[in-house]
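Reading through the structure tokens given below for one structure.
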Amino acid sequence: MAVMSYLEAIRETLRQEMRHDQRIIIYGEDVGVRGGVFRVTEGLQKEFGEDRVIDSPLAEAAIIGTAIGAAVNGLRPVPEIQFADFIFPAFNQIVQEAARIRYRSNGEFGVPLVIRAPFGGGVHGALYHSQSVEAFFAHVPGLKVVIPSTPYDAKGLLAAAIQDEDPVLYFEHKAAYRSIKGEVPEERYIIPIGKADLKRPGKDLSIITYGLMVSYAQKAAETLEKEGISVEILDLRSIRPLDVEMILETAKRTGKVLIVHEDNLTGGIGGEVSALIAEHALFDLDAPIMRLAGPDVPAMPYSPPLEHAFMVTSDKITEAARKLAKF
Amino acid sequence: MATLNMTPELLKEMYYTMALSRALDDRMWILNRQGRAPVVYSANGHEAVQVGSAMALNRGEDWIVPYYRDLAMVLAYGMTPREVMLHLLGRADDPNSGGRQMPAHWGLKRRHILTTGSVVATQDVHAAGLALASKVLKDGRVSMASFGEGSTSQGEFHEALNFAAVHKLPVIFLNENNGYAISVPARKQMAIMDVAAKAQGYGMPGVIVDGNDPVKVYEVTAEAADRARRGEGPTLIEAKTYRFVPHSSDDDDRAYRSREEVAEWKKRDPVITFEKRLLDEKVMTAEELKTFQQRIKDEVNDATDFAEKAALPDPATLWRYVYAD
Ligand SMILES: Cc1ncc(C[n+]2csc(CCOP(=O)(O)OP(=O)(O)O)c2C)c(N)n1
Ligand SMILES: [Mg+2]
């Protein structure tokens, strides 16, 4: 099995799926000749031509709006939004149109569309190149939202998203692109959307998280293991739909839950996961549910001390988990 | 070439500001390559548009709403090199954002430079809004938004022009057309040759100007400002120019444009050609030029040293200014 970076896994999946399905087109800002600002789509225009890998005008509403039209008329568009922070000009198209078309047409029309966007901070990206925007979309019925944490998942979830009949937002943590590597099988496979992954079994507490934070939580778990604290980690992989069953299972098994995300606290996925546990597993808990999340400030600042104060880190996870274990 | 208000002093100030911007810009790239500045956005190549337009306004009184490319514009508008470097290095005393924003995200209240984010074309509507207030308040101010040609594909650009034209707002839309939006050439951005042509659809004049000639830019901007102050409404100015360096320090422009093309434009480097012109026309003496060059060097060194010694923000300030209280 080949070892790939997170970024390579995404690129190779795009390539493999495009070879397999002629209906797939990619477009967005700088995705063609330059291969994207992060080089995720590098080489794809060369292989598939300018009709299937398109440098579009700088207009997110048009990118997503035309993708909706193209999807309805028989293509499988996989548009890229250059940074998740710039998805908002297209918010209207995603939330009012893509998400509601199947419902409002009484099932007559569907929008098989995958929107890829790099998100997340800790890369000196400041307010507008660091945002976590998933909660805005996870709130909307009709959309699916996936966030892979490993190259293996990046492939399986992207393939599943492309083959899905409904609009899927696929968020890629930009700090994971080159730093996270792993084995990726050559053959095509999918990871069903809505299935969480038990990353690590443990006895004392559960960390429920997703995306880049999974690797941070794993590091924290290793540190805590040496202190005799046994940590279970559940990687949500999909934040809409959530894998309610696995969330409740892990909560019941360890009785202590720490939910971690980089997105800010209030209105984040942690609130939803907490509510599910409180509703369905309250009497299995041995401690109040704990959340560790980005602070409730408008966005991540640039200057290193401020950026560091904002970011959820392995150390902060370790500290929170230690506190919870001792409760 | 002497024009209406263009005294030799004004012309020399124009040159000085352009050359200062270039020198600061060059220093920023050095700091980036040395690992002391994580990211740099450049005005390199755009100095004539930015200084020519800014100087035609009532500086510090009229509003400007610049974008990340506008280092030379904000210098012309009164931001100091020290302030620029404090911003680049994310220092606590950065007057643009207290180190919060990525470099080149300008904003300086005391000089009427509106704070700006990264989302392109949002500033166009803000400038129209500033102008709406000026119209209502009759404060005599003009507002000017600047933006790249790629950003004219955004809906908000079109919405801003339409709103401003309908209400005859005292606003100038200044397009710095450098032919590329990162890697995407203008021909993939629009099916017309000139951004200026878009003005017609909204009912305002669209003016094309040589963006490498600061005097010409000054003239058309002064005229647009007069028009705005007379209550005749907005103007779209398209200044044709070129950026000589990659989009940012994270970009590699060899992937999408030829070295020959860059070299061809460099023959018309606005700083070099304007310097030569002022010398040829005896507006500036060789002696004066030397003094300027020394002063620029000193200013850039001083700004760098000053900013590097300045304190970083206190992490506890992360929570400040979410709201007014
Ligand atoms: C809404 C939005 N989408 C994408 C980006 C990312 N981005 C930053 S600059 C840029 C290109 C802008 O090109 P242009 O408007 O021509 O200005 P130039 O940089 O050439 O001066 C892009 C795509 C952004 N800042 N905002
Ligand atoms: Mg441009």
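Here the structure is a predicted model, which is why all the values come from computation and not from measurement. Chain letters run A, B, ... following the sequence lines, proteins first, then strands; residues in each count from 1.
A pairwise comparison of heavy atoms in A181(B) and L58(A) identifies CB-CD1, 4.4 Å as the closest pair. The shortest heavy-atom contact between P89(A) and V119(B) is CG-CG1, 4.4 Å. Between Y128(A) and S118(B) the shortest heavy-atom distance is CB-OG, 3.1 Å. Residues L318(B) and P301(A) share a closest heavy-atom pair of CD1-CG, 3.6 Å. When all heavy atoms of G90(B) and Y302(A) are compared, the closest pair comes out as CA-CD2, 4.3 Å. Nearest heavy-atom pair across P315(B) and P305(A) is CB-O, 4.0 Å.
Between the side chain of Q101(B) and the main chain of A126(A), no donor-acceptor pair closer than 3.5 Å is present. Although no hydrogens or angles enter the test, the distance criterion places a donor-acceptor pair under 3.5 Å between the side chain of D30(A) and the main chain of S183(B).
Of the listed residues S97(B), P103(B), G155(B), the one with more heavy-atom pairs under 4.5 angstrom with chain A than any other is P103(B). Per-residue heavy-atom pair counts under 4.5 Å with chain A were compared for A121(B), G150(B), A92(B), and the maximum is reached by G150(B). Comparing A255(B), G117(B), P38(B), A316(B) by heavy-atom pairs within less than 4.5 Å of chain A, the highest count is held by P38(B). With chain A as the partner, the residue from Q154(B), R320(B), M190(B) showing the most heavy-atom pairs under 4.5 Å is Q154(B).
With contacts defined as side-chain heavy-atom distances shorter than 4.5 Å, the pair M102(B)/H124(A) does not qualify. You'll find the side chain of D250(B) stays beyond 4.5 Å of the side chain of V37(A), heavy atoms only. Taking 4.5 Å as the limit, some side-chain heavy atom of I182(B) sits within range of a side-chain heavy atom of Q82(A). At least one side-chain heavy atom of R100(B) sits under 4.5 Å from a side-chain heavy atom of L127(A).
Heavy-atom distances place the backbone of D314(B), and not its side chain, under 4.5 Å from chain A. With a threshold of 4.5 angstrom between heavy atoms, E60(A) approaches chain B through its backbone and through its side chain. Contact annotation for H129(A): only side-chain heavy atoms (C-beta onward) come within less than 4.5 Å of a heavy atom of chain B.
In summary, D252(B) and R34(A) do not engage in a salt bridge, as defined by a charged side-chain N under 4.0 Å from a carboxylate O. Using a 4.0 Å cut-off between charged nitrogen and carboxylate oxygen, K188(B) and E50(A) count as a salt-bridge pair.
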I'd like to know whether L306(A) forms a side chain to side chain contact (heavy atoms under 4.5 Å, CB included) with T317(B), so could you lay out the CA-CA distance, the side-chain angles of the two residues, the decisive distance to 0.1 Å, and finally the verdict. CA-CA 8 Å; L306(A) 297 176; T317(B) 63; 3.5 Å; yes
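Heavy atoms of other residues, nucleotides or ligands lying less than 6.0 angstrom from CD of Q96(A) number more than 12. Within a 6.0 Å sphere centred on CZ of R254(B), other residues, nucleotides and ligands contribute 12 heavy atoms or fewer. Atom CZ of F136(A) has 12 or fewer heavy atoms from other residues, nucleotides or ligands within 6.0 Å. The local environment of CD in E319(A) is sparse, with at most 12 non-hydrogen atoms from other residues, nucleotides or ligands closer than 6.0 Å. Other residues, nucleotides and ligands contribute only 12 or fewer heavy atoms inside 6.0 Å of the NZ atom of K46(A).
Taking OG of S303(A) as the start and NE2 of H87(B) as the end, the distance is 11.5 Å to the nearest 0.5 Å.
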